[in-house]
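Within every chain, numbering begins at 1; the chains are lettered A, B, ... in the order of the sequence lines, protein sequences first and strands thereafter.
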Amino acid sequence: MSWITIKEIFANPASLLETELEVRGWIRTQRLSKNFAFIELNDGSCFKNLQVVYDETLANFSEATKFPLGSALKVAGKLLASPAAGQPFELKAQAIEAIGLSSLEYPLQKKRHSFEYLRTIPHLRPRTNTFMAVFRVRSLLAYAIHKFFHEKGFVYVHTPIITGSDCEGAGQMFRVTTLDLQNPPLNEQKKIDFNQDFFGKETNLTVSGQLNVEGFCLAFNRVYTFGPTFRAENSNTQRHASEFWMIEPEIAFADLNDNMRLAEDMMKYVIRFVLEQAPQEMEFFNRFIDTRLLQRLQLVLDSEFEHISYSQAVEILEKSGTSFNFPVMWGNDLQTEHERYLTEHVFKKPVFVTDYPKAIKAFYMRLNDDKRTVAAMDLLVPEVGEIIGGSQREERHDVLRSRIAEMGLKESDYQWYLNLRKFGGAPHAGFGLGFERAVMYLSGMENIRDVIPFPRTPKSAEF
RNA sequence: UCCUCAGUAGCUCAAUCGGUAGAGCGGAUGGCUGUUAACCAUUAGGUUGGGGGUUCAAGUCCCUCCUGAGGAGCCA
């Protein structure tokens with residue numbers, strides 16, 4: 001006999017009433033009486049559980065009442081309208097077979113656990129309501145992002161995970177090596193001789209695919225990356241992980257305004273998609289995780305994002321009369337508290353801040369005509385802060401060269417990158433979206449460790 | 001990396017001024033014919049994160065290490 005998913009049952013219960021069917025899933029919870037019992041069964045196909053009811057007419061009634069939480073079951077029975085409140089229908093079991101029994105040491109109990117505790121059992125936490133919702137939304141969001149870009153004619157590019165350039169950005173990188181760390185080969189200067197390493201040079205895990213993808217942008221016009229990214233920063237916050245995923249679109253013949261339009265369209269598209277595809281999960285988040293979630297997301301869908309320049313932002317903050325822990329001064333980067341003040345108190349909606357001082361931004365961002373700012377943009381959203389950072393790229397060969405020199409970088413490291421400007425360069429722009437931050441934004445989850453299946457953070461790479 | 005807080009039963013927590021370590025949930029056993037975090041009764045369960053110190057006496061005070069969380073910086 002083939003079995004049916006609980007999702008299929010919920011999709012069309014009326015046509016299945018009074019029919020015999022079989023389901024396979026795991027016991028979420030069980031409630032016992034003397035002569036009958038209820039099992040909440042979840043098979044992973046959907047957020048909801050199916051209530052299974054059985055009584056002493058079941059051949060293995062007394063064994064079944066002792067099945068521990070978490071056990072995997074095969075249940076055959078008839079779908080009936082439920083006489084009690086709480087669920088419209090239930091499966092009256094005629095046979096319950098244990099496919100794999102759990103045990104009394106099963107760490108998940110039928111009560112609320114702290115997220116901290118659940119982080120110690122990441123292999124089991126997807127069996128809880130919250131994490132089943134989180135990881136289904138994570139999956140849907142990934143799909144929504146691919147769908148958005150493909151509908152717009154973007155080409156998905158896999159940029160390398162192992163990189164030979166250590167010049168991608170300021171971030172600390174993870175070394176990739178096969179050298180014997182106890183006894184590394186040394187060169188004549190008594191330094192480690194990376195010529196003998198696997199790739200014949202120093203290699204690291206990527207901190208960004210952007211520079212690589214620019215080459216594909218200047219061939220395919222509209223491209224994006226979506227892949228793992230690694231930062232060896234010793235950051236211990238709710239928003240940082242050592243391994244995370246990043247989306248980096250890059251568009252040619254485009255300026256900063258095109259870039260921001262793309263970012264806004266993308267955010268609205270993926271929010272709408274997830275709201276439509278995971279209504280039960282989103283309802284759950286709104287009820288138990290963040291009661292303002294749906295309201296906030298709806299606001300994003302309904303509003304035009306605000307646009308202000310960095311200089312305007314500084315002016316607004318200076319005139320706000322609010323005393324910040326960090327002083328606001330033109331030339332300093334905006335602090336988290338400044339960003340959140342702008343998006344939460346001043347505008348109360350997503351806001352793009354553009355045209356930052358060149359000294360605080362990367363070398364590849366396009367120099368504005370005022371010679372002191374660059375065509376950069378950050379998207380700030382209420383409750384989270386910065387969620388996207390991007391820029392128009394410097395397409396002028398001579399300006400890029402002088403910017404590389406100005407920032408104290410080695411031009412020889414960027415020869416191939418400069419070549420892109422030499423061989424048919426074109427104005428282009430792009431941005432980076434932290435995938436996990438987007439999952440957090442859409443779910444209301446406050447800690448990045450709770451939106452990654454097996455999170456990697458400083459001092460923690462278990463499982 | 002810096003600052004702050006925390007670590008007590010399987011889980012969530014309590015323990016007043018330094019004076020006999022407790023409760024709820026979970027488990028076990030029994031009861032209950034429609035439960036919804038089911039309910040009722042009984043019961044087992046502890047080297048109080050590790051190490052050192054002060055004291056007649058330390059979960060409680062001091063030192064140190066480990067782990068976790070929050071904030072900051074950095075960023076996505």
request  = Looking at every strand, decide which applies to A/Glu105 at a 4.0 Å heavy-atom threshold: base, sugar-phosphate, or nothing.
outcome  = nothing
query = Is B/rA15 paired to anything, Watson-Crick or G-U wobble with both distances less than 3.5 Å, and if yes, which nucleotide?
reply = none
query = Checking all strands, does A/His240 fall into the base, sugar-phosphate, or nothing category for heavy-atom contacts under 4.0 angstrom?
reply = base
request  = With RNA chain B as reference, determine whether A/Gln51 or A/Leu69 sits nearer its 5' end, using the nearest nucleotide of each.
outcome  = A/Leu69
query = What integer distance in Å separates A/Met173:CE from B/rC75:P?
reply = 15 Å
ask   = With respect to the side chain of A/Lys34, which nucleotide from B/rU35, B/rG73, B/rU33 is positioned closest?
value = B/rU33
task = Sticking with atom P, work out how far B/rA15 lies from B/rG22, rounded to a whole angstrom.
result = 14 Å
task = Find the partner of B/rG73: check Watson-Crick (N1-N3 plus N6-O4 or O6-N4) and G-U wobble (N1-O2, O6-N3) distances, both under 3.5 Å, and reply none if neither fits.
result = none
Sugar-phosphate, base or nothing in reach of A/Thr237, heavy atoms under 4.0 Å = base
ask   = If only atom types and distance count, is the side chain of A/Thr229 paired as donor or acceptor with the main-chain N or O of A/Trp245 below 3.5 Å?
value = no
task = Once you apply the 3.5 Å cut-off to both distances, tell me the Watson-Crick or G-U wobble partner of B/rU33, or none.
result = none
query = Below 4.0 angstrom from OP1 or OP2 of B/rG70, is there any side-chain N or O of A/Gln238?
reply = yes
request  = Look at all strands and tell whether A/Phe38 reaches a base, only sugar-phosphate, or nothing, counting heavy atoms closer than 4.0 Å.
outcome  = base
query = If only side-chain N and O atoms of A/Asn447 are considered, is one of them under 4.0 Å from the OP1 or OP2 phosphate oxygen of B/rG70?
reply = yes
ask   = Please give, in whole Å, the distance from B/rC74 P to A/Asn236 CG?
value = 15 Å
message = Just confirming the chi classification of B/rC40, syn or anti, using 90° around 0 as the syn window.
response = anti
inquiry  = Measuring from the side chain of A/Gln109 (C-beta onward, heavy atoms only), which nucleotide among B/rC11, B/rG34, B/rA72 has the closest atom?
reply    = B/rC11
ask   = What is the nucleic acid contact for A/Phe326, judged by heavy atoms within less than 4.0 Å: base, sugar-phosphate only, or nothing?
value = sugar-phosphate
task = Check each of A/Phe273, A/Tyr269, A/Phe154, A/Tyr224 against A/His146 using the ring pair (Phe, Tyr, Trp, His ring centres under 6.0 Å) test, and report the only one that passes.
result = A/Tyr224
ask   = For B/rA69, does either OP1 or OP2 sit under 4.0 Å from a side-chain N or O belonging to A/Arg119?
value = yes
message = How long is the straight-line distance from CD1 of A/Ile96 back to NZ of A/Lys74, given to the nearest 0.5 Å?
response = 12.5 Å
query = What integer number of Å spans the P atoms of B/rG50 and B/rG7?
reply = 13 Å
Value in whole Å for how far the P atom of B/rC11 lies from CD1 of A/Ile121 = 10 Å
ask   = Quick one: does A/Asp355's side chain have a donor or acceptor within less than 3.5 Å of a partner on A/Tyr310's backbone?
value = no
request  = Find the distance A/Arg340:CZ to B/rG71:C1' and express it as a whole number of Å.
outcome  = 12 Å
Side-chain donor or acceptor of A/Arg239 paired with backbone N/O of A/Gly385 under 3.5 Å = no
query = Which nucleotide sits closest to the side chain of A/Glu233: B/rU35, B/rU12, B/rC74?
reply = B/rC74
inquiry  = Please check this pair: side chain of A/Ser303 against backbone of A/Leu299, looking for a donor-acceptor N/O pair closer than 3.5 Å.
reply    = yes
request  = Just call it for A/Arg239: base, sugar-phosphate, or nothing, with non-hydrogen atoms closer than 4.0 Å on any strand.
outcome  = base
Rounded C1' spacing from B/rU54 to B/rC61 in Å = 8 Å
key: Residue matched to B/rU43 through Watson-Crick or wobble contacts both under 3.5 angstrom   = B/rG27
query = Please give, in whole Å, the distance from B/rG24 P to A/His113 NE2?
reply = 18 Å
key: Rounded C1' spacing from B/rA57 to B/rG10 in Å   = 31 Å
message = Classify A/Ile448 by what it touches in the nucleic acid, base, sugar-phosphate, or nothing, heavy-atom distance under 4.0 Å.
response = base
key: Residue A/Asp333, side-chain heavy atoms: nucleotide from B/rG73, B/rG68, B/rC75 that is nearest   = B/rC75
inquiry  = Categorize A/Gln87 for me: base, sugar-phosphate, or nothing, with a 4.0 angstrom heavy-atom threshold over every strand shown.
reply    = base
ask   = Could you give the CG-to-P distance, from A/Asp450 to B/rG68, as a whole number of Å?
value = 14 Å
request  = Please work out if A/Leu32 contacts a base, only the sugar-phosphate, or nothing of the nucleic acid, heavy-atom cut-off 4.0 Å.
outcome  = base
request  = Starting at atom NZ of A/Lys92, determine the distance to atom C1' of B/rG34, rounded to an integer number of angstrom.
outcome  = 12 Å
message = Heavy atoms from C-beta onward define the side chain here; which of B/rU1, B/rU12, B/rC32 lies closest to that of A/Asn234?
response = B/rU1
task = May I ask you to verify whether the side chain of A/Ser235 and the base of B/rC74 hold a donor-acceptor pair under 3.5 Å?
result = yes
request  = With P as the reference atom in both, quote the distance from B/rG49 to B/rU67 in angstrom, rounded to an integer.
outcome  = 16 Å
B/rG59 to B/rG53 separation - P atoms, rounded to the nearest Å = 15 Å
request  = Report which part of the nucleic acid A/Thr120 touches: base, sugar-phosphate, or nothing (heavy-atom distance under 4.0 Å, all strands).
outcome  = nothing
key: Separation of the P atoms in B/rG18 and B/rU12, to the nearest angstrom   = 28 Å
key: Rounded distance (nearest 0.5 Å) linking atom CG of A/Asp255 with atom CZ of A/Arg261   = 7.5 Å
message = Between the base of B/rU33 and the side chain of A/Asp55, is there a donor and acceptor pair under 3.5 angstrom?
response = no
inquiry  = By the 4.0 Å heavy-atom rule, please label A/Glu248 as base, sugar-phosphate, or nothing.
reply    = nothing
inquiry  = If I take atom CZ in residue A/Phe284 and atom P in nucleotide B/rA37, what distance separates them, rounded to the nearest angstrom?
reply    = 13 Å
query = Would you say a side-chain N or O of A/Arg449 is under 4.0 Å from OP1 or OP2 of B/rG70?
reply = yes
message = By the 4.0 Å heavy-atom rule, please label A/Lys110 as base, sugar-phosphate, or nothing.
response = sugar-phosphate
inquiry  = Tell me whether A/Thr203 contacts the main-chain N or O of A/Val176 through its side chain, where contact means a donor paired with an acceptor under 3.5 Å.
reply    = yes
query = So what does A/Ala241 hit on the nucleic acid, given a heavy-atom distance under 4.0 Å: a base, only sugar-phosphate, or nothing?
reply = base
message = Let's see if you can work this out: which of B/rG68, B/rC74, B/rG10 has an atom nearest to the side-chain heavy atoms of A/Tyr117?
response = B/rG10
task = Respond yes when some side-chain nitrogen or oxygen of A/Ser33 is under 4.0 Å from OP1 or OP2 of B/rC32, and no when none is.
result = no
query = Can you check salt bridge (charged side-chain N to carboxylate O under 4.0 Å, His left out) on A/Asp378 and A/Lys361, steps first, answer last?
reply = CA-CA 11 Å; A/Asp378 283 356; A/Lys361 289 292 182 182; 3.5 Å; yes
key: Span that lies between the P atom of B/rA23 and that of B/rU42, in whole angstrom   = 12 Å
query = Donor-acceptor pair, A/Arg456 side chain versus A/Glu462 backbone, under 3.5 Å?
reply = yes
task = On RNA chain B, check which nucleotide each of A/Gln335 and A/Glu386 is closest to and give me the residue with the more 5' one.
result = A/Gln335
